[in-house]
**Student:** 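Structure in structure tokens, see below.
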Amino acid sequence: MQASAHGWPHRLLSVLLVSFMLAPSAWGQDQRVMKVTEIVPATANQVAPRTGLPQTMPTLQNFDRAAPGDLVEGNRVDGASIDATIWLHLPDPIKAPQVLDKRLEITRFGQDLIEREYIEIYKETKRLIQEIQRPKQVRLTLDEALRRALENNYQIRADGFGPAISAAQVVQASAVFDVAFFANINRNNTDQPTPSALFATETDTTQISGGVRKVLATGAQVTLSQNLTRIDNPGFQFQVLNPAYTTSFVAELRQPVLRNFGIDFNQSQINISKNQQLIDRETFRATITQVLSDVENAYWNLVLARRNVVISAEILSQARLTYEQVSARSDFDAYRTLTKQSEANLRQQEFIYIDVKNNVYNAEDQLLNLLNDPELPLSSDFEILPVDEPIIQEIDYDRRAMVESALERRPEVIQARHAVDIARINVGIAKNQALPTLDLIYRTTATGLGGTFAEGFDQQTTHNFIDQFVGLEFAWNFGERAERAGIRIAAFQQSQAVLNYKLALDNVITDCRVACRNLDRNFEQLVPSHLGLTAAAENLRSLQERQERKSPAELDAVFAAQNRLAESRRALLSSSIEYNTGIVNVERAKGTLLEYNNVSIGQRP
């Protein structure tokens, strides 16, 4: 069909303008994400030590600190502060020799014999605690442990690829709107009998075509192509141009009207990928939070295990001395029953001490396994010295603000929220795919013919021969069973996502309340455990001062008091450690553990 020389270029220009005007807005919103070469794994770094954040958080003290001022010679133990009691009764094995000497210095013994006994007990205690010491020692603060874990932990490094993968998936989903180039070349040689001399028996056809194709945000597909065809009919007399060269330029627009129509539908995969990217970022935050929590718990568990060694070593030394004293009186007034009871106490303490030493090695391995530091390989035998002491000052939290912070910051809440968004998008996709297919097609073609490609192209550019085509394509599935099932599945998944979101909210609120309640309990237990320890120490001192003949019964009563003192020490130690792990658990429940430790999430260089 012949048309005006100026009609189709204007229509073609309009198609191109619409193509770029309707391009997805995601192109211009995040240019950094769209550059695949800039997508790198995420990482976490501690920008500053934790101390000072929050402002009410006390500073961690080092176990190398000097003795508190209220520990002076002649002071009664029950008059000491809780800080002094912890320093005096719960030392680290490295600090224990100095602390034991300080006990001898400040304790007022009622009898010289008792002082000599304690000198012997402390000497044996020092020998026992040397069993966990090794040539290679590493002093480790809590901040240093956290820094090493952030830099080297395998789980953090592995999950750091998640945001990078999801960012690449956003690019992948957006790439559906990229311009695509295509090209085809083929040659067809036919030699067939014909019923008339008006038809060529032999035909040699060569076709070359190339062009660009682009999907628009509305779902339309624009195709621009240039076609070159050479037809050679050897020996055919009735063909004016032989060979004949045909050129054609085709511009086609195929726009879905029902199914696959709309900017929301065609950008749905991009939006799903963006939501998944946010979910993966929160997964990475959750991993960092969990690792930091595990490192702090492992650190304080190591503190607990090491200081329990001193407690167990001292009660074991006392049990051995008591057994020796009872055995020495076996020919005088110690019955076999008392001797065996004393021996049973000794064997029980030996059993406990073996277990306590093993706990130290296990705690070290658990901490090293979280650090994954190449400078501290698990294959080497290091003695880890946790130099920070537990916090014992009261920290008050606003429970309402704590819950509000958790609902805003907790990764699982944010993930559940984005999962609801993804489910909502999938419902829209399912509803769109349930529509019939109705596509509007518009195509215009400029054609030229000549004895050469140049002649054909010249005639094509004169625009004397223009074809135009407008059509509709319709398709519909009878019953629509698959489409209706897809809608039901998407609706069920949306309901499921909403319920999971509500469950996440309730779980977070419960977690906050339990964590805060446990922290209050742990702090409240510090006072009775401290008072119980000082009472047990005073009870032991009173029994020792009243000893006259050191009879087996008196020795057994003294050892029972010593055992109660050891249990009181363990109770205070456990309370102080649980209080510190409770602080960490509260910050984790709030969703602020990263801010609490001054950790920032960036990109790995």
Side-chain angles (χ1 to χ4, degrees), residues 61-133 139 303 306-322 324-325 349 353 385-390 392 529-547 550 555 558-559 561-573 576:
Q61 293 183 332
N62 192 290
F63 67 26
D64 287 332
R65 64 191 176 103
D70 51 347
L71 290 180
V72 296
E73 184 177 0
N75 269 9
R76 291 169 60 93
V77 178
D78 56 355
S81 65
I82 185 171
D83 179 55
T85 300
I86 290 178
W87 189 94
L88 189 64
H89 288 272
L90 307 175
D92 185 86
I94 294 296
K95 188 73 172 179
Q98 177 185 349
V99 172
L100 294 177
D101 293 341
K102 184 67 174 180
R103 286 189 200 171
L104 292 174
E105 175 187 339
I106 67 174
T107 302
R108 181 179 298 172
F109 297 100
Q111 304 176 24
D112 292 340
L113 178 60
I114 298 176
E115 183 175 3
R116 290 196 299 271
E117 288 180 352
Y118 270 99
I119 292 175
E120 185 65 25
I121 289 172
Y122 291 163
K123 180 180 178 181
E124 177 66 9
T125 301
K126 294 175 184 178
R127 185 192 68 80
L128 287 173
I129 61 179
Q130 290 178 351
E131 295 180 5
I132 67 167
Q133 296 179 1
R139 297 171 65 89
V303 172
R306 287 179 60 84
R307 301 192 180 202
N308 202 14
V309 167
V310 180
I311 298 173
S312 297
E314 183 175 349
I315 190 63
L316 175 57
S317 301
Q318 292 168 338
R320 284 178 178 171
L321 179 61
T322 301
E324 292 172 359
Q325 291 174 339
Q349 295 305 322
Y353 184 66
L385 307 180
V387 300
D388 286 333
E389 290 197 330
I392 55 174
S529 58
H530 170 233
L531 296 178
L533 191 155
T534 55
E538 179 63 18
N539 177 54
L540 174 60
R541 188 189 64 81
S542 300
L543 287 175
Q544 289 173 330
E545 288 181 352
R546 290 201 303 269
Q547 286 186 102
K550 284 192 175 296
L555 293 174
V558 169
F559 178 75
Q562 292 169 337
N563 199 23
R564 286 193 296 271
L565 177 59
E567 292 301 323
S568 297
R569 287 170 174 167
R570 291 192 179 101
L572 179 58
L573 176 61
S576 61

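Since we're looking at a predicted model, the values are computed, not measured.
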**Student:** Measuring from Ile392:CD1 to Thr85:OG1, what's the distance to the nearest 0.5 Å?
**Tutor:**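 The distance works out to 8.5 Å.
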**Student:** Over all heavy atoms of both residues, which pair between Leu540 and Ala561 is shortest? Give the atoms and the distance, please.
**Tutor:**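 Smallest interatomic distance, heavy atoms only, reads CD1-CB, 3.9 Å.
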**Student:** Given 3.5 Å as the limit, does a donor-acceptor pair link the side chain of Tyr353 with the main chain of Leu128, or not?
**Tutor:** yes
**Student:** Using side-chain contact (heavy atoms from CB on, under 4.5 Å), reason through Leu565 and Arg541 one step at a time and then give a plain yes or no.
**Tutor:** CA-CA 11 Å; Leu565 177 59; Arg541 188 189 64 81; over 6 Å; no
**Student:** Between CD of Gln318 and CD of Gln349, what distance do you get to the nearest 0.5 Å?
**Tutor:**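 Taking CD in Gln318 and CD in Gln349, the distance rounds to 9.0 Å.
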**Student:** At what distance, to the nearest 0.5 angstrom, does CG of Leu316 lie from CG of Leu321?
**Tutor:**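 These two atoms lie 11.5 Å from each other.
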**Student:** Is the shortest side-chain N to carboxylate O distance from Glu120 to Arg320 below 4.0 Å?
**Tutor:**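 Result for this pair is no, no salt bridge flagged.
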**Student:** If you take all heavy atoms of Ile86 and Leu572, which pair is closest and at what distance?
**Tutor:** CG1-CD2, 3.9 Å
**Student:** Assess whether a salt bridge exists between Glu314 and Arg103, defined as any Lys/Arg side-chain N lying under 4.0 Å from an Asp/Glu carboxylate O.
**Tutor:** yes
**Student:** Quick check: closest heavy atoms across Arg570 and Asn308, and the distance to 0.1 Å?
**Tutor:** NE-OD1, 3.0 Å
**Student:** How about Pro97 and Ile129: do any of their side-chain heavy atoms sit closer than 4.5 Å?
**Tutor:**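 A side-chain contact under 4.5 Å exists here.
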**Student:** Go through the steps to decide whether Val558 and Thr322 satisfy the test side-chain contact (heavy atoms from CB on, under 4.5 Å), and finish with yes or no.
**Tutor:** CA-CA 9 Å; Val558 169; Thr322 301; 6.0 Å; no
**Student:** State, to 0.1 Å, how close Ser576 and Pro390 come at their nearest heavy-atom pair, and which atoms those are.
**Tutor:** O-CB, 4.1 Å
**Student:** Report the distance from atom CD1 of Ile315 to atom CD1 of Ile121, rounding to the nearest 0.5 Å.
**Tutor:**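 Interatomic distance, Ile315 CD1 to Ile121 CD1, rounded to 0.5 Å: 8.5 Å.
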**Student:** Grab the two heavy atoms, one from Ile311 and one from His89, that are nearest each other, plus how far apart they are.
**Tutor:**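 Looking at all heavy atoms of both residues, the closest pair is CG1-O, 4.4 Å.
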**Student:** I'd like to know if the side chain of Arg564 reaches the main chain of Ala536, judged simply by a donor and an acceptor atom lying under 3.5 Å from each other, with no hydrogens or angles considered.
**Tutor:**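 Not a single qualifying donor-acceptor pair exists.
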**Student:** So, for Pro93 and Gln133, which heavy atoms are closest and what is the spacing to 0.1 Å?
**Tutor:**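 That would be O-NE2, 4.3 Å.
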**Student:** With rounding to the nearest 0.5 angstrom, report the CD to CG distance, Glu538 to Leu543.
**Tutor:** 10.0 Å
**Student:** Starting at CG of Leu385, measure out to NZ of Lys95 and round the result to the nearest 0.5 Å.
**Tutor:**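 Answer rounded to 0.5 Å: 13.0 Å.
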**Student:** Compare all side-chain heavy atoms of Asp92 with those of Glu389 and state whether any distance is below 4.5 angstrom.
**Tutor:** no
**Student:** With a 4.5 Å heavy-atom cut-off, do Val310 and Val99 have their side chains touching?
**Tutor:**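 No, side chains not in contact.
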**Student:** Could you tell me whether Glu105 and Lys102 have a side-chain N and a carboxylate O separated by less than 4.0 Å?
**Tutor:** yes
